[in-house]
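These notes concern the structure reproduced below.
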Protein chains: 2
Amino acid sequence: MNTFLEYLNRYIQLTKEEETKVLSVLQQRSYLKGQYIQQEGDIYRYQTYIESGKVRTFYLDDNGNEHIITFGLKHWWVGDIGSFTSQSPAHFNTQCLEKTKVIQISYEDLEKLYNEVPKIERFFRLIIQKAYAKMSKRIVQNYSLPARERYLLFCEEYPEVVQGVPQYMIASYLGITKEFLSHIRSQLSKEG
Amino acid sequence: MNTFLEYLNRYIQLTKEEETKVLSVLQQRSYLKGQYIQQEGDIYRYQTYIESGKVRTFYLDDNGNEHIITFGLKHWWVGDIGSFTSQSPAHFNTQCLEKTKVIQISYEDLEKLYNEVPKIERFFRLIIQKAYAKMSKRIVQNYSLPARERYLLFCEEYPEVVQGVPQYMIASYLGITKEFLSHIRSQLSKEG
DNA sequence: AAATTTTATTAATCTACCTTATTTTTCTTC
DNA sequence: GAAGAAAAATAAGGTAGATTAATAAAATTT
């Protein structure tokens with residue numbers, strides 16, 4: 001839990017008292033590979049922070065195809081923000097890709113915490129601003145770059161994901177088929 | 001300005017005193033059709049709220065092609081959040097598509113306001129959560145639907161934009177060429 | 001370590017969407 | 001309201017990436 005406070009400390013400075021209040025609402029939980037933190041149709045009742053491990057958040061379309069919205073690594077917050085915010089059924093699934101430890105704050109606890117420790121409101125504002133900017137960048141890349149370039153950028157930016165995750169999931173994240181990603185990779189390796 | 005307070009009031013309840021503080025930092029400004037609120041390379045010094053009018057935020061890729069990230073209508077906040085947050089040069093341009101009135105808050109004023117009126121921090125957290133959820137939805141749609149369906153959904157969701165904006169910009173927003181959108185439209189009209 | 005399942009490769013065919021070019025329509029501006 | 005500019009339509013040919021299917025290679029399970 002203390003590493004969590006250190007992490008918070010990068011964004012906001014809390015007094016001892018405030019730290020205690022924050023700690024009192026944190027819930028720790030562990031998942032095995034393949035387990036779901038949340039599933040489509042559920043209401044996302046927790047903000048979930050990844051202490052260790054790796055997850056993916058994905059969406060199943062009408063044809064049953066998976067589309068990975070985002071991966072989640074250490075220090076990331078994951079879930080379906082739309083569902084959490086409005087406490088309505090989620091469209092997304094969040095599944096662990098390996099043994100994963102998370103810290104969660106329930107919706108009710110967080111609402112209280114916002115009032116008791118307004119700095120937490122600032123913290124989440126900053127976090128989501130960052131996430132928003134990152135997602136805008138992704139939209140830009142998807143529109144202006146071909147699959148091959150997107151893959152190369154992804155490898156640069158998320159080497160930990162490229163290593164530890166099946167290729168077909170990376171293809172899904174990039175918005176292409178696994179066959180085409182395989183093709184791109186074989187091209188790249190031929191070129192040296 | 002009072003309509004702005006009414007708008008704020010949908011998200012947070014301010015005391016008279018707080019309202020006064022908020023009002024004191026608002027700056028009103030008008031733009032003509034075609035004028036830029038911000039340009040690529042500038043630092044976005046203001047959070048910009050649209051009182052009336054219509055804007056687009058777009059990005060120029062290495063080949064000089066425009067990609068529309070988002071349109072902005074009445075009650076929307078526009079700009080380059082990445083640039084504003086970190087006060088670093090923007091990648092995006094924000095241009096008025098018609099006569100547009102905006103309300104702006106400077107970066108410095110907003111930082112002060114966050115401290116003096118913490119509810120404003122809540123307000124922006126809520127706003128950006130909403131924007132984030134909307135953008136996730138867009139990514140999902142782009143991955144799981146063909147251009148034709150995306151266009152139909154766009155028409156449903158943003159009829160005001162479809163009416164008042166040149167087709168080639170809608171094509172750009174959808175991530176397709178203007179020629180292909182024109183083709184889709186002629187197909188649709190043949191089908192009745 | 002054999003058997004089963006999951007993931008990745010390869011290759012042929014196909015299609016959604018792009019490119020380029022020309023023509024027509026609509027919008028501005030004088 | 002005529003002239004010019006901007007936007008939209010149409011059409012031929014091209015390509016990035018999809019689909020299908022068959023094979024190979026890893027990873028799990030027993």
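A, B, ... follow the sequence lines: proteins, then strands. Residue 1 opens every chain.
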* Mark up nucleotides 23-30 of chain D, 5' to 3', with B wherever a protein heavy atom is under 4.0 angstrom from a base atom, S wherever such an atom reaches only the sugar-phosphate, and - elsewhere. => -----S--
* Starting at CD1 of A:Ile176 and ending at C1' of D:dT19, how long is that distance when rounded to a whole Å? -> 14 Å
Review item, nucleotides 19-25 of chain C N/O atoms under 3.5 Å of protein N/O:
none

* Please determine if A:Arg138 forms a cation-pi arrangement with A:Tyr173, meaning its NZ or CZ atom is less than 6.0 Å from the six-membered ring centre and no more than 45° off the ring axis. => yes
* To do: Answer yes if the ring centres of B:Tyr7 and B:His75 are under 6.0 angstrom apart, and no otherwise.
  => yes
* What residues join A:Met135 in its hydrophobic cluster, counting side-chain heavy atom gaps under 4.5 Å, either direct or through other members? -> A:Ile81, A:Ile128, A:Tyr132, A:Ile139, A:Tyr143, B:Ile81, B:Ile128, B:Tyr132, B:Met135, B:Ile139, B:Tyr143
* May I ask you to verify if any side-chain N or O of B:Arg185 is less than 4.0 angstrom from the OP1 or OP2 atom of D:dA8? => no
* **Within residues 141-173 of chain A: residues closer than 4.0 Å to DNA chain D (heavy atoms)** => A:Pro146, A:Ala147
* Same apolar cluster: A:Ile103 and A:Val25, side chain cutoff 4.5 Å -> yes
* **Shortest non-hydrogen separation from A:Gly82 to A:Ser86 and the atoms involved** => O-OG, 2.8 Å
* What residues form a side-chain hydrogen bond (donor to acceptor under 3.5 Å, both in side chains) with B:Arg122, not counting sequence neighbours? -> A:Asn115, A:Glu121
* To do: Step by step, work out the side-chain hydrogen bond (donor to acceptor under 3.5 Å, both in side chains) result for A:Arg29 and A:Tyr46.
  => CA-CA 12 Å; A:Arg29 204 166 160 187; A:Tyr46 299 92; over 6 Å; no
* Calculate the interatomic distance between A:Leu181 atom CG and D:dG17 atom P; express it in whole Å. => 12 Å
* Asked: Atom CD of A:Gln187 and atom P of C:dA8: how far apart are they, to the nearest Å?
  -> 18 Å
* With a 4.0 Å cut-off on heavy atoms, is B:Ser186 in touch with a base, just the backbone sugar-phosphate, or nothing at all? -> sugar-phosphate
* Honestly, is A:Lys130 close enough over A:Trp77, meaning NZ or CZ under 6.0 Å from the six-membered ring centre and within 45° of the axis? -> no
* **Separation of D:dA11 P from B:Lys190 NZ (nearest whole Å)** => 7 Å
* **Bend angle of the helix from C:dA1-D:dT30 to C:dC17-D:dG14, from helix axes over five pairs at each end, nearest 10°** => 30°
